[in-house]
Amino acid sequence: MTSAVSPDVIADEMRDELRDVARKLIDRHWSAQQARSAELDDRDLYAAAADAGWLGLEIAPEYGGVGATFRETCAVLAEMGRGLVSGRAATTMVVGAAVISAAGSVEQREQLLPGLADGTLHVAVGLCDSNGRTDLATIGVAATPTSDGWLLSGTVAFVPDAATADRVVVVARDGDGALSLFILDPAAAGVEIEPVVAVDHTRKFATVRLDSVAVGAGELLGQPGCSAAVVEWLLQRSAVAIAADSTGGAERVLQISTEYATDRVQFGRPIGSFQAIKHLCADMLVGSEAAKAAAERAAAEVPAAPAELPEWSEWASIAKLYCADTYARIATDGVQVHGGIGYTWEHDMHLYVKRAMMNQALAGSSAAHRGRLGQVLLAQR
Amino acid sequence: MTSAADNNTTASTDLDQFRLAYRAFLEANPLPNWRERARSSEAEFGQVQRDWIAILNRGGYAAPKWPVEHGGLKASVAQQLVMNEENQRADCPSQKLFEIALNHTGATVLNHGTEDQRAHLPRILDGTAIWCQGFSEPNAGSDLANLQTRAIRDGDNYVVTGQKVWSSWAHHADWCLLLVRTDQEVAKHKGISYLLVDLSSPGVTVRPLVQLTGNPEFCEIYFDDVLVPAANLVGREGDGWRISQTTLQTERGAFLLDRGRALERRFANIVANLPDVAESGAPLTPDTALVNDLATDYAEMRILLELCQRVLDKEKAFGSAGWEPSIAKLFEADLTLRIGEHSLASVGLLGQTDCGQPGATAAGETPWVLDHLNAFGLKIAGGTSQIQRNILGERVLGLPREPRPKERT
């Protein structure tokens, strides 16, 4: 428990310290070699994350958590992005624990949060529609009322870490378009979970298909038809989490590329002494620093709990859009700085490129967030 | 981001009082018809600038950053930002022609000058002395240390000969901050000295250069055996490079944030004037390419303001922000140029009109195409974007320097 975090981790220096500890812990329990294996076996890291208090970082102390804020979560997430860490711990930190804390009854919280905090329970959360989009207007499987509950039918695409989860939370939409949240046993009748092989193989996803799955009050999280604000809040957390992940990845790519440009000699001099390479690296630095500023500001803007009504966060969209796009640009340039070796399977660069491209598409694509900002601008005419 | 100081409430009350006092001063002391006067002729534009700083000086507001004992306000960064906001609100003249005097001359003589040299300060405050900078030369731009203007000591004087260029507003200026070579024999950075030069001295010729916007701003200054009293040497002989490079290392944050806010106002103006239909004839939607571009610009503009705020916060905590202002400057230059391109794309042919105003107009009032052309300077002045990238690459990332041809020893 030497690396456990205390509840009053608020100051920036404390977050820097948290990042240092996280970096060392990840280096000990995870490697790029693991990130490129098909199994993505994260049991060792997951246990270490539980020990370090990361899984329960934002869970209230009375349920076995640390009681810190989303800003600390994002500090750890940046390190996970840096280390190409597979997502199970991140899923718990970003949405798994948050949805139970925000929407669960006292009974559900008592029952589920301690397990989430100590790593014995893993909850996956599906926030996409069947096409992988995260639009509040299209999210949600169909919920049809029955005499003692509902029947859920539909598809949720790209649910992170669903295939190994103990429970899966889905969004359901009734005939009036009102959203509810349900927590399902993956073994329940009518639930089918099929792993998706993504090109970014540092992460695992699955498609969750529901065919007339019978649910009742026991599976319901929160009041029926009243969960739009919670879903919007979870989407914001996801968007900012991806922004934080992107900043860590971008920082690492810049570091690797700078080292390579310093060591690699052609025409009798290090290639980093050529302005063509030097300026590429300088632009990577500018993008990396700007992304950090955006992600950290956005993390501070996300509220500690959902509002009454869905409230869009401008900073979440700004950070998601800029950080993921910039990460992709930096990773692409990183390959170029490396030349031929950066184009190989053997080198790690492609893992960053693929993760960056996945980040652009996850948690609301860049185009989706850009469209959202565009709507606001058009309204100011 | 606000710091959670215990006396936040008191601080903000004090700031509110400061704001109200300055607002009241501006309302009570207008400069009638300043815009019409400034537009009427180049000379009148200069006079407006002199009149305005004299008015501000009556309230003690002329030099916000200077120490109180030298007629300044010793204003906090927060107070300076409040003053900028109130200047906008009151639509008063800029202090364009006094920027060098208030920033460079002030910092230089206060930090390195003699008592006699500090006597220049009151003449800035009352509007009698406009200052310009004589640093760059035809063969000393990005490679500033290569400057060749010579100053040879002759008794109590230096005899100065050479040519300076890109000296903003020198055709209005009375005095010049001049970098000269006093020693040909040592490494090029070490042979440079810093002089204060009276531009009315015999042998000085100032020739305005019309810049690509059509306005005269930059000038060439020729020095032909000009006698400069040795008492006008700042610091020691040979110390000019260090003095010029260290004088303005601090307080970049407020300056950057100020420009960021100006860009924000310009952007709001672009958005407010968006047409209903795109150049293609189709109605604008969030998916129109132009709107997409502007959405990206908007996101980056918010991030720019955040970067500037971080520079400010860091300066407040540590005194100087190190290399982060270079990052903000590069980010700002690229973004401003892109916003300019998109502003022109949004108005099509209508954006190409030239109202032919001289350089006295407030931000946002010039035609957009001139705003855009003006912004080209952001990538050139104060260290080109390429030089900034070298600095970041070498000093921050630690990449090796380019091999250089053998320097004169």
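Letters A, B, ... mirror the listed sequences (proteins, then strands); counts begin at 1.
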Task: Between A:Q375, A:M284, A:K278, the one whose heavy-atom pairs under 4.5 Å with chain B are most numerous - done: A:K278
Open item on the list: Which atoms of A:E259 are under 4.5 Å from chain B, going by heavy atoms: the side chain, the backbone, both sets, or neither?
Closed with: neither
- [ ] Just do the side chain to side chain contact (heavy atoms under 4.5 Å, CB included) check on A:H279 and B:Q386 with the steps written out, would you?
- [x] CA-CA 8 Å; A:H279 289 191; B:Q386 284 65 39; 3.9 Å; yes
Task: Presence of salt bridge, B:R302 and A:E314, under 4.0 angstrom - done: yes
TODO: Determine the minimum heavy-atom distance between B:A299 and A:L373, stating which atoms define it.
DONE: CB-CD1, 4.0 Å
Task: Atom group of A:L254 that falls short of 4.5 Å from chain B, counting heavy atoms - done: side chain
Task: When B:D287, B:L284, B:T288 are compared by non-hydrogen pairs under 4.5 Å with chain A, the top option - done: B:L284
- [ ] State, yes or no, whether a side-chain contact exists between B:L397 and A:T262 at a heavy-atom distance under 4.5 Å.
- [x] no
TODO: Considering only heavy atoms, give the residues of residues 330-344 of chain B separated from chain A by less than 4.5 Å, sorted numerically, with 'none' for an empty result.
DONE: B:L330, B:F331
Open item on the list: Are B:R389 and A:V286 packed together at the side-chain level, in the sense that at least one heavy-atom pair is separated by less than 4.5 angstrom?
Closed with: no
Open item on the list: At a heavy-atom distance under 4.5 Å, which candidate from A:A367, A:A293, A:G272 has the highest pair count against chain B?
Closed with: A:A293
Open item on the list: Counting C-beta onward and ignoring hydrogens, is there a side-chain heavy-atom pair between B:E300 and A:I318 closer than 4.5 Å?
Closed with: no
Task: Shortest non-hydrogen contact between B:P286 and A:G374, atoms and distance - done: CB-C, 4.4 Å
Task: Side chain, backbone, both or neither of B:D293 within contact of chain A (heavy atoms, under 4.5 Å) - done: neither
- [ ] Could you grab the distance from atom CD1 of B:I303 to atom CZ of A:R297, nearest 0.5 Å is fine?
- [x] 11.0 Å
- [ ] Taking the side chain as every heavy atom from C-beta outward, state whether B:P403 and A:R269 have any pair of such atoms under 4.5 Å apart.
- [x] yes
Open item on the list: Measuring from atom CD1 of B:I270 to atom CG of A:L377, what distance do you get when rounded to the nearest 0.5 angstrom?
Closed with: 11.0 Å
Open item on the list: Taking side chain as everything from C-beta outward and backbone as N, CA, C, O, which of these in B:T285 sits under 4.5 Å from a heavy atom of chain A? Side chain, backbone, both or neither.
Closed with: backbone
Open item on the list: With a 4.5 Å cut-off on side-chain heavy atoms, are A:E289 and B:R310 touching?
Closed with: no
Task: Separation of A:D325 CG from B:T296 OG1 (nearest 0.5 Å) - done: 7.5 Å
- [ ] Please name the pair of heavy atoms, one in A:R370 and one in B:A295, separated by the smallest distance, quoted to 0.1 Å.
- [x] O-CB, 3.4 Å
Open item on the list: Between A:A290, A:A291, A:S366, A:G371, who has the most heavy-atom pairs with chain B when the cutoff is under 4.5 Å?
Closed with: A:A290
- [ ] For side chain to side chain contact (heavy atoms under 4.5 Å, CB included), just list the numbers for B:E306 and A:W315, CA-CA rounded to whole Å, side-chain angles, deciding distance to a tenth of an Å, and then say yes or no.
- [x] CA-CA 11 Å; B:E306 189 69 17; A:W315 267 109; 4.1 Å; yes
